[in-house]
Amino acid sequence: MIIPSVLVLPIPAQGHVNPMMNFSQNLVERGCKVYFVNTDFNHKQVVSSMVEQQKSLDESLLKLVSIPDGLKPEDDRRDISKLCEAIVSTMPSMLEKLIEEIHLNGEDRISSIIADVNMGWALNVGNKLGIKGALFWPASAAMFAFQCNIPTLTDNGIIDSDGLPITKKTFRISPTMPVMDTESLLWRGLADSKDFKKLINFFMESAETTNLTEWWLCNTTYELEPGVLSFVPKLLPVGPLLRSYDNKSVDARSIGQFWEEDMSCMDWLDQQPHHSVLYVAFGSFTLFDQNQFNELALGLDLTNRPFLWVVRQDSNSTNKITYPNEFLGSHGKIVSWAPQQKVLRHPAIACFVSHCGWNSTMEGLSNGVAFLCWPYFGDQFYNKKYICDELKVGLGFESDENGLVSRSEIKTKVDKLLSDENIRSRSLMLKDKVTCNIAEGSRSLENFSKFVKWLKE
């Protein structure tokens, strides 16, 4: 049997690496070999976070490789517009060089490239080298439709050519899709308004690469976004992309994390009552200023409930953030990075205080967990609206006159969410609807199987 060698290329962000790594591991289980390409900067983080997994990682099937991102080591990779510019100007030639090196080594020939939609230029590199390609979208199907319809939004007077809202109003991309509003445009918080134009051009150029392949894959399900998927029928859901934990494995950490997962939180969760713990995690990008950090810490104290709070080390060192003097934290456990999927599966978890990144959204929904939504940038504002208004499995926080989510608001919303049995029951019903797509005969699994068959042809 031919084992295809597939090259997988995510955009260099944790929320994109995670689902594409899960996708890659599923490919390996189906008899493919994967070259997983990170940037040099992120590759170093991933390798240093792996610790024990390096002993068990079978590089004959999953090989971690890297290329430069075009930025200097000291450059701020949170500057999204600068990162996007560097990616486009540097990485295509570096990717071509990497593929040629793999071929020269004689061990493998890359037969397919699977690129994040926003790394779609990689399919042009593939065409040049005679390699077929596919595109992967790690966010919601709604955001895919949004990105592909940016010119239409301009024509319809929703945004101007620089990406700024012309009016404060709601709009629909299609009658079958949920309402969106101009306050939650995709590029909100990703850059200063002066850089919106650069980001819009990057997104539109990425969207144009969809013409280079018939395969558009997405980490969603038909049940979760039926209206969007009827509007974009070529977009094939293969979600939820979850890591399959092998109980026999000595090490249960995930591959592809930028920080080492602190597994001690699992023992701590084992000691908590069922459905009691607030899991508080804001992903890999969110940064709070000192005032907001104080309110969050004191709000967690005020709930008088056990909490597991992820506070990244870089969020402290970058911002020089310190815990407020009054913070007790006696009910909680604080870790710098958590094995999130395992945490959300734990029976002790009562709710997820989340930034609403799509990866976190899918993991929460797949585990029947209710949300308290606190978006930070980009698609997270739309995801919050979808979780609260369409799926009705979460509540959002309101800011006060100073723009802060106050400690009393945190306590109020925690109490309200956890006393709402309707939200709880809807969360559990949605879990069954979403996770049935992992089962044999499901539509997501059928799409995935067809894709693997294409890879092996």
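Throughout, numbering of the chain's residues begins at 1 and tracks the sequence. This structure is a prediction, so every number in the text was calculated from the model and none was measured.
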Asker: Walk me through it: do T176 and S174 pass the test side chain to side chain donor-acceptor pair (under 3.5 Å)?
Answerer: CA-CA 5 Å; T176 64; S174 134; 2.8 Å; yes
Asker: At their closest point, which heavy atom of M263 faces which heavy atom of P339, and how far apart are they?
Answerer: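 In terms of heavy atoms, the two residues are closest at SD-CG, 3.7 Å.
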Asker: If I take atom CE from residue M20 and atom CD1 from residue I11, how far apart are they, to the nearest 0.5 angstrom?
Answerer: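 Answer rounded to 0.5 Å: 10.5 Å.
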Asker: With no hydrogens and no angle check, is any side-chain donor or acceptor of D160 less than 3.5 Å from a backbone partner on G163?
Answerer: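 Such a contact is found between D160 side chain and G163 backbone.
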Asker: Might you work through the side chain to side chain donor-acceptor pair (under 3.5 Å) test for T154 and N156, ending with a clear yes or no?
Answerer: CA-CA 5 Å; T154 309; N156 291 347; over 6 Å; no
Asker: Enter the distance from I87:CD1 to L71:CG here, rounded to the nearest 0.5 Å.
Answerer: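 Output value for this atom pair is 8.0 Å.
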Asker: Rounded to the nearest 0.5 Å, what separates atom CE in M266 from atom CG in L308?
Answerer: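 These two atoms lie 9.0 Å from each other.
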Asker: So how far is it from L164 CG to L185 CG, rounded to the nearest 0.5 Å?
Answerer: 9.0 Å
Asker: Output all residues satisfying side chain to side chain donor-acceptor pair (under 3.5 Å) with Q257, sequence neighbours left out; order by chain, then residue number.
Answerer: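 Partners of Q257 under the side chain to side chain donor-acceptor pair (under 3.5 Å) test: N18, W337.
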Asker: If every non-hydrogen atom of P138 is compared with every non-hydrogen atom of N219, which pair is closest and at what distance?
Answerer: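 Looking at all heavy atoms of both residues, the closest pair is O-CB, 4.3 Å.
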Asker: Please examine the side chains of F371 and I423, heavy atoms only from C-beta on, and report whether any two atoms are closer than 4.5 Å.
Answerer: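 No, too far: nothing below the 4.5 Å cut-off.
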Asker: Should T152 and I173 count as side-chain neighbours, where that means a heavy-atom distance under 4.5 Å?
Answerer: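 No, too far: nothing below the 4.5 Å cut-off.
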Asker: Could you tell me if the side chain of V117 sits less than 4.5 Å from the side chain of F144, heavy atoms only?
Answerer: yes
Asker: If the condition is side-chain contact (heavy atoms from CB on, under 4.5 Å), which residues does K33 pass it with, not counting sequence neighbours?
Answerer: I3, S5, Y35, E107, D108
Asker: Over 60° means perpendicular and under 30° means parallel, so classify the ring planes of Y382 and Y386, tilted if in between.
Answerer: parallel
Asker: Would the number of heavy atoms belonging to other residues, nucleotides or ligands and lying under 6.0 Å from NZ of K234 be above 12?
Answerer: yes
Asker: Regarding K333 and S264, do their side chains bring together a donor and an acceptor under 3.5 Å, going by distance alone?
Answerer: yes
Asker: Using atom types as modelled and distance alone, determine if a side-chain donor or acceptor of E225 lies under 3.5 Å from a backbone N or O of A141.
Answerer: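 Here the side-chain-to-backbone pair exists.
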Asker: Decide side chain to side chain donor-acceptor pair (under 3.5 Å) for N38 and Q45; before the verdict, give the C-alpha distance in whole Å, the side-chain angles of both, and the deciding distance to 0.1 Å.
Answerer: CA-CA 10 Å; N38 273 309; Q45 282 189 278; over 6 Å; no
Asker: Within a strict 4.5 Å, meaning less than it, do heavy atoms of the F36 and L9 side chains meet?
Answerer: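 Sidechains of L9 and F36: no contact.
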Asker: Please collect all salt bridge (charged side-chain N to carboxylate O under 4.0 Å, His left out) contacts where either partner lies in residues 427-442, sequence neighbours excluded, each pair once.
Answerer: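 Of all non-adjacent pairs touching residues 427-442, none passes salt bridge (charged side-chain N to carboxylate O under 4.0 Å, His left out).
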Asker: Could you check if a side-chain atom of Q25 sits within less than 4.5 angstrom of a side-chain atom of N22, using non-hydrogen atoms only?
Answerer: yes
Asker: What residues, two or more places apart in sequence or in another chain, satisfy side chain to side chain donor-acceptor pair (under 3.5 Å) together with R443?
Answerer: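 Residues passing side chain to side chain donor-acceptor pair (under 3.5 Å) with R443: none at all.
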Asker: Got a donor-acceptor contact below 3.5 angstrom from the R172 side chain to the M177 backbone?
Answerer: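 Pair found, side chain donor or acceptor close to backbone of M177.
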Asker: Would D40 and S66 count as a side chain to side chain donor-acceptor pair (under 3.5 Å) if you check the C-alpha gap in whole Å, the side-chain angles of each, and the deciding distance to 0.1 Å?
Answerer: CA-CA 5 Å; D40 289 344; S66 68; 2.7 Å; yes
Asker: Just to verify, what does K44 make a salt bridge (charged side-chain N to carboxylate O under 4.0 Å, His left out) with, not counting sequence neighbours?
Answerer: none
Asker: Please report the closest heavy-atom contact between D181 and F171, naming both atoms and the distance.
Answerer: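 Smallest heavy-atom distance, with atoms named: C-CE2, 3.8 Å.
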Asker: Could you check whether any side-chain heavy atom of P237 comes within less than 4.5 Å of a side-chain heavy atom of L217, counting everything from C-beta outward?
Answerer: no
Asker: I need the minimum non-hydrogen distance between V28 and L61, along with the two atoms involved.
Answerer: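 Scanning both residues, the minimum pair turns out to be CG2-O, 3.6 Å.
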Asker: Verify, without hydrogens or angle tests, whether N447 (side chain) and L236 (backbone) share a donor-acceptor contact under 3.5 angstrom.
Answerer: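 It does not hold such a pair.
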Asker: For S449, which residues count as a side-chain contact (heavy atoms from CB on, under 4.5 Å) partner, sequence neighbours excluded?
Answerer: R30
Asker: Counting N and O atoms only, with roles assigned by atom type, does the side chain of E260 sit under 3.5 Å from a partner on the main chain of S48, one being a donor and the other an acceptor?
Answerer: no
Asker: Tell me if the CD atom of E214 is crowded by more than 12 foreign heavy atoms within 6.0 Å.
Answerer: no
Asker: Do side-chain atoms of R312 reach the backbone of S336 as a donor and acceptor pair under 3.5 angstrom?
Answerer: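 Such a contact is absent between R312 side chain and S336 backbone.
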Asker: Please name the pair of heavy atoms, one in R424 and one in G368, separated by the smallest distance, quoted to 0.1 Å.
Answerer: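 Between these two residues, the closest heavy atoms are NH1-O, 4.4 Å.
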Asker: Could you work out, with side chain to side chain donor-acceptor pair (under 3.5 Å) as the rule, every residue matching E96, not counting sequence neighbours?
Answerer: K128
Asker: With a 4.5 Å cut-off on side-chain heavy atoms, are N437 and P240 touching?
Answerer: yes
Asker: Given the rule in the side-chain contact (heavy atoms from CB on, under 4.5 Å) test, do F136 and M119 qualify, once you have shown the distances and angles that lead to the verdict?
Answerer: CA-CA 9 Å; F136 180 89; M119 302 290 265; over 6 Å; no
Asker: Just by modelled atom types, is the I110 backbone N or O under 3.5 Å from a matching donor or acceptor in the H103 side chain?
Answerer: yes
Asker: For F381, what residues pass the side-chain contact (heavy atoms from CB on, under 4.5 Å) criterion, not counting sequence neighbours?
Answerer: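 side-chain contact (heavy atoms from CB on, under 4.5 Å) check on F381 returns S184, R188, P375.
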Asker: Applying side chain to side chain donor-acceptor pair (under 3.5 Å), can you list everything that pairs with D116, at least two apart in sequence or on another chain?
Answerer: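 For D116 the side chain to side chain donor-acceptor pair (under 3.5 Å) partners, ignoring immediate neighbours, are H16.
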Asker: Tell me which pairs pass side chain to side chain donor-acceptor pair (under 3.5 Å) where either residue lies in residues 352-381, with sequence neighbours left out.
Answerer: Q340-S360, Q340-E363, D379-N383
Asker: My understanding is that only residues two or more places apart in sequence, or in another chain, count here; which of them pass salt bridge (charged side-chain N to carboxylate O under 4.0 Å, His left out) with D75?
Answerer: K82
Asker: Compare every heavy atom of S284 with every heavy atom of G15, then report the nearest pair and how far apart it is.
Answerer: N-OG, 4.4 Å
Asker: Can you list the steps and then say if F448 with F23 is a ring pair (Phe, Tyr, Trp, His ring centres under 6.0 Å)?
Answerer: CA-CA 9 Å; F448 186 78; F23 187 74; 5.4 Å; yes
Asker: Under 6.0 Å between ring centres: does that hold for W137 and W216?
Answerer: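 Not under 6.0 Å, so no.
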Asker: Does D76 reach the main-chain N or O of R78 with its side chain, forming a donor-acceptor pair under 3.5 Å?
Answerer: yes
Asker: Within the distance-only criterion (no hydrogens, no angle test), does the side chain of S89 pair as donor or acceptor with the backbone N or O of A86 below 3.5 angstrom?
Answerer: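 Pair found, side chain donor or acceptor close to backbone of A86.
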Asker: Would you indicate whether the side-chain heavy atoms of L95 and M91 approach each other to under 4.5 Å?
Answerer: no
Asker: What verdict does the side-chain contact (heavy atoms from CB on, under 4.5 Å) test give for H43 and T39, after you've listed the backbone C-alpha separation in whole Å, the side-chain angles of each residue and the deciding distance to 0.1 Å?
Answerer: CA-CA 6 Å; H43 179 73; T39 60; over 6 Å; no
Asker: Identify, with sequence neighbours excluded, every residue that meets side-chain contact (heavy atoms from CB on, under 4.5 Å) alongside I200.
Answerer: I150, W187, M204
Asker: Using side-chain contact (heavy atoms from CB on, under 4.5 Å), reason through V280 and L372 one step at a time and then give a plain yes or no.
Answerer: CA-CA 9 Å; V280 186; L372 283 167; over 6 Å; no
